[in-house]
Amino acid sequence: MSKQERASWIALFVNALVGVWYFSAVFSLPGDMNLHSRALVHLFVQMIILSIVFTIAAEIVFHIVAGKPSDKVSQDERDRLIAARATRNGYYVLASGVFIVMARIVMAASVEQMPAFKRAGHVPGVIETLFGGAVSPLHIANLLLLAFMLAGAFVNASRVFYYRRGY
Amino acid sequence: MSGTPIRNEIRRLRFERGEMTQQQLADAVGATRQTIIAIEAAKYAPSLELAFRIAHVFGVPLEHVFTFPAK
């Protein structure tokens with residue numbers, strides 16, 4: 001396994017682990033997301049720290065188990081080609097995610113004007129506010145973060161696929 | 001891209017050159033061992049530059065290393 005493929009496996013594993021942890025924590029927050037801005041910031045910082053720690057730990061484990069890659073070059077033409085193609089794949093996912101967030105914002109702005117949705121005393125849950133209710137900067141930030149993480153996962157999954165299947 | 005029609009004699013040439021390893025060939029041409037493995041298995045078509053470097057290591061013309069079937 002080359003150094004680049006190893007890095008892709010680690011990134012895929014760490015991003016999946018940390019992403020699932022972060023968004024399960026976000027979705028478990030009760031009530032309106034705007035009430036939990038401080039908790040969300042803490043979660044975000046923890047996610048960054050956990051990503052760094054898990055990546056370093058995984059590199060160490062890989063190094064112990066598989067040893068140091070013996071290649072003199074860290075990246076050759078095939079690695080660059082695979083990276084370029086995987087990045088292109090990730091771009092499509094990111095662009096789709098951003099488009100969906102934009103549509104979500106426009107949808108929310110339109111729906112908010114409808115009398116039927118202006119229910120007095122209704123406090124929407126986190127999932128409803130993320131995908132079905134009003135949008136706030138925190139909602140948008142988390143939706144964009146989700147799009148970024150899915151795109152990153154797709155980039156690394158693409159790299160692993162091309163390395164394994166052959167390119 | 002799951003394969004390439006380009007065939008090669010790299011494995012045979014390696015063994016004829018004092019049983020050169022894939023790692024040694026990779027180091028000589030500035031590639032990774034995984035790339036050499038992929039080239040030998042016809043899973044990856046090298047660039048023109050890399051193909052020339054490989055031929056140069058073996059001291060043979062390019063067409064003695066790589067062949068492209070007519071059809």
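Note that the structure is a prediction, hence the values are computed from the model and not measured. Chain A is the first sequence line, chain B the second, and so forth, proteins listed ahead of strands; every chain is numbered from 1.
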Counting only pairs under 3.5 Å, give me each side-chain donor-acceptor contact of residues 41-66 of chain A, with atom names and distances, residues two or more places apart or in other chains.
{"residue": "A/Ser51", "atom": "OG", "partner": "A/Met47", "partner atom": "O", "Å": "2.9"}
{"residue": "A/Thr55", "atom": "OG1", "partner": "A/Ser51", "partner atom": "O", "Å": "2.7"}

When rounded to the nearest 0.5 angstrom, what is the spacing between CD in A/Gln75 and OG1 in B/Thr32? 10.0 Å
Evaluate side-chain contact (heavy atoms from CB on, under 4.5 Å) for B/Gln34 paired with A/Arg78, printing each intermediate quantity in order. CA-CA 9 Å; B/Gln34 300 301 321; A/Arg78 180 168 161 263; 3.8 Å; yes
Counting heavy-atom pairs under 4.5 Å with chain A, which one of B/Gly30, B/Ala41, B/Ala31, B/Ala26 comes out on top? B/Ala31
Would you say CZ of B/Arg12 has more than 12 non-hydrogen atoms from neighbouring residues, nucleotides or ligands within 6.0 angstrom? yes
Group every Ile, Leu, Val, Met, Phe, Trp and Tyr by side-chain heavy-atom contacts under 4.5 Å, then state whether A/Val20 and A/Leu146 land in the same group. no
For the residue pair B/Glu49 and A/Glu77, establish whether any side-chain heavy-atom pair is separated by less than 4.5 Å. no
Could you see if A/Val73 belongs to whatever hydrophobic cluster contains B/Val57? Use Ile, Leu, Val, Met, Phe, Trp, Tyr and a side-chain cutoff under 4.5 Å. no
Look at the side-chain heavy atoms of Ile, Leu, Val, Met, Phe, Trp and Tyr, link any pair under 4.5 Å apart, and say whether B/Val65 and B/Leu50 land in one connected group. yes
Cluster check A/Ile140, A/Phe148: I/L/V/M/F/W/Y, side chain < 4.5 angstrom: yes
Rounded to the nearest 0.5 Å, what separation is found between the OG atom of B/Ser47 and the CZ atom of A/Arg80? 9.0 Å
Within the 3.5 Å criterion, strictly below it, is a donor on B/Gln23 or A/Asp71 matched to an acceptor on the partner's side chain? yes
Qualifying residues under side chain to side chain contact (heavy atoms under 4.5 Å, CB included), relative to A/Ala83, sequence neighbours excluded: A/Arg159
Looking only at heavy atoms, the pair that brings A/Arg164 and B/Lys43 closest together is O-NZ, 4.2 Å
Rounded distance (nearest 0.5 Å) linking atom CG of A/Asp76 with atom CZ of B/Arg33: 13.0 Å
Checking B/Ala38 against chain A: side chain, backbone, both or neither under 4.5 Å from a heavy atom? side chain
